[in-house]
Amino acid sequence: MPELPEVEIVKRSLKNNVKYKKIKKVIISNRNLRFKIQKKFENTLKGRLILSVERFSKYIILTLSNNKYCLIHLGMSGTLHLVRYDKKGTFTNLSFYHSKTLPKKHNHIKIKFSKFMIVYNDPRRFGFFKIFNNQKTLKDYFSRSGPEATSNKFNYKYLKSKLINKEKNIKNFLLDQNYVSGIGNIYANEILFYCKINPQKKCKKINKNQTIKLVKNSKFVLNLAIKLGGSSIRDFKNISGKSGLFQNEFKVYGRENKNCITENCKGKISKIFISNRSTFFCNLCQK
DNA sequence: CCGTTAACCTGAGAGC
DNA sequence: TGCTCTCAGGTTAACG
């Protein structure tokens, strides 16, 4: 579920709570996430300080005081929660997707600190936790990843070089983490709307002006989403506080058959499937 | 090499 | 109330 902005929000709230804290105990109730959790996982974390909490693309990276790393990916449905050991058992969502209390099912991992624990919940189990023994193996893991859409490395020159002669459509291109990292289905739709590009357009047909727009609007959309706390599209409970607000900014995503919001455009938003992913766009103004 | 499809999972919602 | 069907913010092995 989470794309770069949501993972950034989770990373910030996780960092605020666990940086320089010592892990007392790790309890795993289901090791079968996307990848089986390694046998060494508990012992690698136990007794260590968390020296830093960082993010690359849709991944969270914990640096441990034994110079090892814990990589976290939330998949489609992973969320992190904080439960205090005080009398009230104070519960805090660290994720963009909110619930009132700790979910009853699918709490696979508990990482215990002295005054609270972090709980990883993931119904679909597409997320994973993975230990890396050193910086090199971690770096190698990301060796084929494209630059983050928000970074300076994702610029006109780079994008032009990747689009050239490519038969693939532009939407699948934006979703391909090997070309550009951090964009998922919601933001790919939104970015293409801002660029006025039809998602089915072949990469090789994208012109200079559109390439410039793609770079600019990718950064604009993702940064705005971060500023608004990410998107919480199925947060019906409307918990006060930290719930994401970018869903209110959607121009095309989930707006099938509604009017295009572009000034003077009489178009309606179409929904089609591209590679099994729902795709929303204005048939008139996205060319 | 390239591009597309199926598969991994559970749960919510729609339609009947 | 309950059944069946479709869909969901991600990734990647396998295929043509």
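Below, chain A is the first sequence line, B the second, and so on; all start at residue 1.
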Practice task
Taking Watson-Crick and G-U wobble pairs with both distances under 3.5 Å, convert DNA chain B into its dot-bracket string, 5' to 3', dots for unpaired and | for cross-strand pairs.
Solution key: .|||||||.|||||||

Practice task
Please determine if A/R31 and A/E42 form a salt bridge, counting it only when a charged side-chain N lies under 4.0 Å from a carboxylate O.
Solution key: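 Looking at A/E42 together with A/R31, the answer is yes, because their closest N to O distance falls below 4.0 Å.
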
Let me know the distance between [atom1] of [X] and [atom2] of [N], rounded to the nearest Å.
X	N	atom1	atom2	value
A/Q247	C/dA8	CD	P	17 Å
A/Y59	C/dG9	OH	C1'	15 Å
A/D176	C/dT12	CG	P	10 Å
A/I186	C/dG9	CD1	P	6 Å
A/E190	C/dG9	CD	C1'	12 Å
A/F35	B/dC8	CZ	C1'	10 Å
A/N189	C/dA8	CG	C1'	13 Å
A/R31	B/dC9	CZ	C1'	19 Å

Handout entry: A/C282 versus A/C265, closest heavy-atom pair with distance
Key = SG-SG, 3.7 Å

Practice task
Check A/L74 against A/Y120 and note the closest heavy-atom contact, atom names and distance.
Solution key: CD2-CE1, 3.7 Å

Practice task
Ignoring the backbone of A/K271, work out which of B/dG11, C/dG10, C/dC7 is nearest its side chain.
Solution key: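 It is C/dC7.
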
Practice task
Report yes or no: do A/F91 and A/L14 belong to one cluster of Ile/Leu/Val/Met/Phe/Trp/Tyr joined by side chain heavy-atom distances under 4.5 Å?
Solution key: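 They do not share one cluster, since no chain of ILVMFWY contacts under 4.5 Å joins A/F91 to A/L14.
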
Handout entry: Nearest-Å distance once atom P is located in both B/dG3 and C/dG9
Key = 23 Å

Handout entry: Inter- and intrachain pairs under ring pair (Phe, Tyr, Trp, His ring centres under 6.0 Å), touching residues 255-284 of chain A, at least two apart
Key =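 Counting only pairs at least two positions apart or across chains, the ring pair (Phe, Tyr, Trp, His ring centres under 6.0 Å) contacts touching residues 255-284 of chain A are A/Y253-A/F280.
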
Practice task
Sort and list the pairs that fulfil ring pair (Phe, Tyr, Trp, His ring centres under 6.0 Å) and have at least one residue in residues 176-195 of chain A, not counting sequence neighbours.
Solution key: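 Qualifying pairs, neighbours excluded: A/F173-A/Y179, A/Y187-A/F246, A/Y194-A/F220.
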
Report yes if at least one side-chain N or O of [X] is closer than 4.0 Å to OP1 or OP2 of [N]; otherwise report no.
X	N	result
A/Q177	C/dG10	no
A/H106	B/dT10	no
A/R277	C/dG9	yes
A/S278	C/dA8	yes

Practice task
Could you tell me whether A/E249 atom CD has more than 12 heavy atoms of other residues or ligands within 6.0 Å of it?
Solution key: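 Yes, enclosed.
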
Practice task
Decide if the gap between the ring center of A/F56 and the ring center of A/F142 is smaller than 6.0 angstrom.
Solution key: yes

Problem - Contacts of type salt bridge (charged side-chain N to carboxylate O under 4.0 Å, His left out), residue A/K168, not counting sequence neighbours - result: A/D176

Exercise for the section: Take nucleotides 2-7 of chain B nucleotide by nucleotide from the 5' end and write B, S or -, depending on whether a protein heavy atom sits under 4.0 Å from the base, only from the sugar-phosphate, or from neither. Expected result: -SS---

Practice task
Walk me through it: do A/E3 and A/I186 pass the test side-chain contact (heavy atoms from CB on, under 4.5 Å)?
Solution key: CA-CA 8 Å; A/E3 305 179 38; A/I186 289 182; 3.1 Å; yes

Handout entry: Side chain proximity check, A/T92 to A/H81, heavy atoms < 4.5 angstrom
Key =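 Side-chain contact under 4.5 Å: no.
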
Handout entry: Sub-4.0 Å heavy-atom contacts from residues 117-135 of chain A onto DNA chain C, ordered by number
Key =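 Within this stretch, A/R124, A/F126 sit under 4.0 Å of the strand.
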
Exercise for the section: Going by the side-chain hydrogen bond (donor to acceptor under 3.5 Å, both in side chains) test, name the single residue among A/K153, A/R55, A/K58 that passes it with A/E148. Expected result: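 The residue from A/K153, A/R55, A/K58 that satisfies side-chain hydrogen bond (donor to acceptor under 3.5 Å, both in side chains) with A/E148 turns out to be A/R55.
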
